[in-house]
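First the proteins, then the strands, lettered A, B, ... as listed; each starts at 1.
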Number of protein chains: 2
Amino acid sequence: MNTPDRSPEDDRRDLAAMMVPIGRALTAGEQPILAAHGLSMWAYVVLVALADEPVRTQAALADAIRADKTRIIQVLDDLQHRGLIERSPDPSDRRSHLLSLTTAGQQLHRTARSGIRTYERRLLDRLPPAERSGLLGALATLSSLSWQELTAPGSGD
Amino acid sequence: MNTPDRSPEDDRRDLAAMMVPIGRALTAGEQPILAAHGLSMWAYVVLVALADEPVRTQAALADAIRADKTRIIQVLDDLQHRGLIERSPDPSDRRSHLLSLTTAGQQLHRTARSGIRTYERRLLDRLPPAERSGLLGALATLSSLSWQELTAPGSGD
DNA sequence: TATTGTTATACTCTATAACTATA
DNA sequence: TATAGTTATAGAGTATAACAATA
């Protein structure tokens with residue numbers, strides 16, 4: 001049995017062992033920025049999800065942000081009471097609520113997102129340009145892959 | 001107030017919004033590989049931490065892997081019962097246990113790590129070379145930063 | 001019968017407090 | 001008294017089950 005070829009790249013920590021702690025740090029870094037606007041992480045995720053276009057049901061929203069439908073109810077309650085989102089009963093199906101941002105919600109989303117971008121820019125400035133653009137490109141590419149492709153690549157995807 | 005300059009890079013999802021789900025997927029992708037060797041994620045993390053050199057106390061190990069000292073006890077119990085690690089009482093201070101891998105533990109670590117690398121290689125093969133090397137470089141750079149530098153970059157670090 | 005939204009419950013993971021044995 | 005390891009307990013976050021309203 002020969003020693004397999006090892007590229008220099010192989011002498012590194014496992015991907016998840018680097019990615020997960022960095023993700024935790026990013027979350028921790030965003031937290032005070034969001035808290036300054038009275039937003040929890042889930043509340044911000046909801047604002048982001050509704051920013052592009054309204055969503056027809058709470059279940060669809062939960063699905064889109066990979067959350068449990070029971071988990072976002074209190075988040076939606078709070079956002080609604082603060083006038084940041086609207087829950088309009090669908091006249092054609094009174095079971096479901098059309099979810100959309102109010103003007104105040106749109107503004108808060110833009111403000112919070114801007115704060116997060118400033119934070120991210122400061123962090124990314126510590127990376128050499130090639131790493132910075134490679135990271136952003138790789139994250140975009142990986143984000144576009146399905147769960148199956150991410151968790152079992154090369155096995156019939 | 002003018003519209004601020006926006007580079008094309010700014011038209012993307014938030015870093016954490018991409019990094020955290022990818023980290024979860026990587027963890028999920030590793031899980032069956034580890035389970036095939038009877039290893040939990042924490043058990044694997046312990047093997048990795050002990051692979052380079054023994055650790056003098058359980059508290060120091062917990063610290064090194066960012067775990068609570070109470071959390072790794074059952075993991076250590078299991079690894080010890082399976083003959084993968086040794087807990088040798090320190091003769092000079094019988095409160096503490098020197099932790100080290102047995103030969104079987106070293107072998108299992110190498111085997112599991114190799115399986116994980118194969119998985120990661122298949123996934124990384126889906127990335128263009130520049131993204132792949134940029135990602136690995138960026139993850140290494142970011143991993144080397146302190147918590148303070150990651151969560152509050154540019155504010156006196 | 002199935003689905004939307006909701007509430008109540010249980011489960012998992014993690015952290016805190018309290019104990020023992022050594023020092 | 002302080003520390004290493006352990007056990008027991010409590011807390012946060014999450015998912016599951018059960019319910020009422022509507023289709």
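Residues satisfying the salt bridge (charged side-chain N to carboxylate O under 4.0 Å, His left out) test with B/D63, not counting sequence neighbours, are none. Judged as a side chain to side chain contact (heavy atoms under 4.5 Å, CB included), and not counting sequence neighbours, A/A130 has no contacts.
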Would you please test B/L124 and B/L135 for side chain to side chain contact (heavy atoms under 4.5 Å, CB included) and show each step? CA-CA 10 Å; B/L124 292 172; B/L135 171 69; 4.0 Å; yes
Determine, stepwise, if the pair B/Y119 / A/L15 fulfils side chain to side chain contact (heavy atoms under 4.5 Å, CB included). CA-CA 10 Å; B/Y119 158 62; A/L15 279 186; over 6 Å; no
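Counting only heavy atoms from C-beta outward, the side chains of A/Q58 and A/K69 never approach each other to under 4.5 Å. Looking at B/R113 and B/V48, their side chains never come closer than 4.5 Å, going by heavy atoms from C-beta outward. Counting heavy atoms from C-beta on, the side chains of A/D14 and B/E30 come closer than 4.5 Å.
For the segment residues 64-100 of chain B, residues with any heavy atom less than 4.0 angstrom from an atom of DNA chain D are, sorted by number, B/K69, B/T70, B/I73, B/R87, B/R95, B/S96, B/H97. Residues of residues 36-51 of chain A having a heavy atom closer than 4.0 Å to DNA chain C: none are found.
Listed for the B/S96 side chain is no donor-acceptor partner under 3.5 Å among the backbone atoms of B/D90. Put simply, the side chain of A/E131 never gets that close to the backbone of B/T141: no donor and acceptor are under 3.5 Å apart.
Bounding nucleotides for the chain B contact on DNA chain D, 5' to 3', at a heavy-atom distance below 4.0 Å, are D/dA2 to D/dT7.
Here salt bridge (Lys or Arg N to Asp or Glu O under 4.0 Å) pairs that include residues 75-89 of chain A, with residues two or more places apart or in two chains, are A/D77-A/R87, A/D78-A/R82.
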